[in-house]
Amino acid sequence: MKNPKSPYFLLLLVSLLSFSNATEQRQQQFREAPQFYNSPDCPSISSDDYDDNDDNHVCSDVAIHVAMTLDIVYIRGSLAAVLSVLQHSTCPQNIIFHFVSSASSNSTHLKVTLSHSFPFLKFRVHAFDDSSVSGLISTSIRSALDCPLNYARSYLANILPLCVRRVVYLDSDLVLVDDIAKLAATPLGEDSVLAAPEYCNANFTTYFTPTFWSNPSLSLTLANRKACYFNTGVMVIDLNRWRDGDYTKKIEEWMELQKRMRIYELGSLPPFLLVFAGNIKPVDHRWNQHGLGGDNYRGLCRDLHPGPVSLLHWSGKGKPWVRLDASRPCPLDALWAPYDLLQTPFSLDS
Ligand SMILES: *[C@@H]1O[C@H](CO)[C@@H](O)[C@H](O)[C@H]1NC(C)=O
Ligand SMILES: *[C@@H]1O[C@H](CO)[C@@H](O)[C@H](O)[C@H]1NC(C)=O
């Protein structure tokens with residue numbers, strides 16, 4: 001055992017750190033998470049009604065479906081999110097994850113990485129054909145917000161198996177500290193397609209361009225609706241209603257219009273707002289303690305919003321793993337760190 005205070009150790013540490021910076025993302029090594037078990041009262045996902053060919057019991061009525069995007073850049077966040085979901089779930093063995101990854105990414109590598117950290121996880125990796133959406137993304141500046149995978153959430157109804165009727169969509173920069181079953185059970189009422197955390201004080205004016213507001217046939221879309229901003233990083237979606245209403249097509253129509261005349265600022269959110277704002281069911285704000293990524297302009301740390309916490313969301317520019325690696329964490333990044341599965345080259349435990 002080396003003396004952690006010796007100059008040699010520090011030198012080693014520094015060289016390992018610079019090595020890890022120089023190393024490509026894909027060479028990150030992740031630890032194996034513990035296995036999580038259903039509590040005795042949980043319904044069994046594998047009843048006799050389902051044949052064993054359905055290896056993940058994906059059509060079971062008791063399954064809770066969670067969808068996330070997955071790529072090599074954000075995989076550290078995704079693994080932390082998965083760990084947090086399992087750890088706080090009463091029936092973790094009934095959760096089925098649907099990871100949507102770019103068709104051009106190495107899905108074998110993603111699957112291997114997932115299985116290594118979660119050998120017992122019920123999951124599927126679904127390939128998302130970026131080309132289907134990249135032609136629709138309007139662009140002058142291609143920002144991170146315009147990554148095609150960001151739009152995958154609009155295609156879940158097509159991507160997921162038809163027997164999946166309800167899904168919880170989650171961003172990769174969040175952790176849950178409560179049972180996802182409660183979030184998944186958010187009432188959608190008689191006819192709502194989705195539920196999401198709504199923010200009715202947000203100023204809608206800024207999400208759309210003057211072109212949009214000055215064109216009555218467009219701006220009327222939002223008239224007569226109590227349209228509130230909502231966060232698309234935490235959504236509960238009724239996929240059958242989505243399919244019945246062909247909402248993917250409706251979102252695509254707005255994207256096509258955006259290509260012809262710029263009606264909103266860049267991003268995947270505005271078409272969602274145009275189609276759904278005012279017609280969604282609210283998700284309690286405890287499920288989106290948002291903005292922990294910090295102030296987008298000055299990089300300032302943010303505090304929690306008043307009220308209870310079931311989900312911490314590092315929305316915004318900063319990500320906790322980046323700040324932790326840089327030894328410049330925000331205070332609340334300490335709440336993300338316990339879910340980090342990265343096997344750091346200098347970690348002292350094995
Ligand atoms: C994809 O990932 C697997 C597993 O990590 C690896 O063996 C394979 O070489 C990769 N394929 C490509 C084309 O990079
Ligand atoms: C919303 O923002 C616009 C433009 O930034 C501004 O003119 C308007 O007064 C704001 N409305 C409210 C209610 O704050």
Side-chain angles (χ1 to χ4, degrees), residues 19-20 22-33 55-56 68-80 82-83 97-131 141 143 145 147-149 152 172 197-216 218-231 258 261-267 269-274 277-278 282 285 290-291 295-298 305 315-316 341-345:
F19 173 74
S20 73
T23 310
E24 279 187 62
Q25 294 267 1
R26 73 193 65 219
Q27 278 157 351
Q28 290 182 330
Q29 298 289 318
F30 295 97
R31 287 187 286 125
E32 183 176 330
D55 52 352
N56 274 331
M68 301 177 74
T69 60
L70 188 65
D71 70 14
I72 209 67
V73 176
Y74 270 86
I75 196 163
R76 188 170 165 193
S78 305
L79 295 178
V82 171
L83 176 57
F97 285 88
H98 298 268
F99 297 103
V100 182
S101 71
S102 157
S104 60
S105 69
N106 185 342
S107 67
T108 307
H109 177 72
L110 295 172
K111 283 180 200 160
V112 167
T113 306
L114 280 166
S115 305
H116 174 77
S117 284
F118 301 102
F120 305 97
L121 194 69
K122 295 184 177 69
F123 74 93
R124 291 184 172 189
V125 175
H126 304 272
F128 177 61
D129 182 11
D130 316 42
S131 61
I141 310 155
S143 64
L145 285 176
C147 158
L149 208 49
S172 302
E198 279 192 293
Y199 301 92
C200 293
N201 292 329
N203 188 342
F204 243 64
T205 313
T206 52
Y207 294 109
F208 301 96
T209 60
T211 311
F212 175 85
W213 293 115
S214 62
N215 184 328
L218 298 180
S219 56
L220 269 175
T221 310
L222 293 172
N224 308 321
R225 288 204 231 164
K226 195 178 168 292
C228 296
Y229 170 88
F230 63 91
N231 189 293
Q258 164 79 348
M261 51 194 290
R262 198 158 144 156
I263 53 172
Y264 50 77
E265 301 309 332
L266 295 176
L269 173 69
F272 252 93
L273 292 180
L274 287 165
H285 285 183
H290 60 115
D295 179 282
N296 277 347
Y297 302 101
R298 287 167 296 169
H305 305 266
S315 52
L341 286 170
L342 185 71
Q343 184 90 65
T344 51

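Ligands are counted one by one from 1 in listed order, and the atoms in each one are counted from 1 as well. These figures come from a predicted structure and were not determined experimentally. Quick note: numbers below take in every heavy atom, side chains included, and nothing from hydrogens, waters or symmetry partners.
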Problem - Test item: His116 side-chain N/O and Phe30 main-chain N/O as donor-acceptor pair under 3.5 Å - result: yes

Handout entry: Pair His290 + His305: ring centers closer than 6.0 Å
Key = yes

Practice task
Using distance alone, decide if ligand 1 has a nitrogen or oxygen within less than 3.5 Å of any nitrogen or oxygen in Asn106.
Solution key: yes

Practice task
May I ask you to decide if Leu274's main-chain N or O and Arg225's side chain share a donor-acceptor pair within less than 3.5 Å?
Solution key: yes

Exercise for the section: Ignoring hydrogens and angles, state whether a donor on the side chain of Ser102 or Asp130 is under 3.5 Å from an acceptor on the partner side chain. Expected result: yes

Handout entry: Within 6.0 Å of CG in Asn224, more than 12 heavy atoms from elsewhere
Key = no

Handout entry: Tyr264 to Phe208 - nearest heavy-atom pair and separation
Key = CB-CD2, 3.6 Å

Show the short N or O contacts, below 3.5 Å, that ligand 2 makes with protein N or O atoms; if there are none, say 'none'.
unit_1: ligand 2; atom_1: 2 (O); unit_2: Asn203; atom_2: ND2; d: 2.2
unit_1: ligand 2; atom_1: 11 (N); unit_2: Asn203; atom_2: ND2; d: 3.0

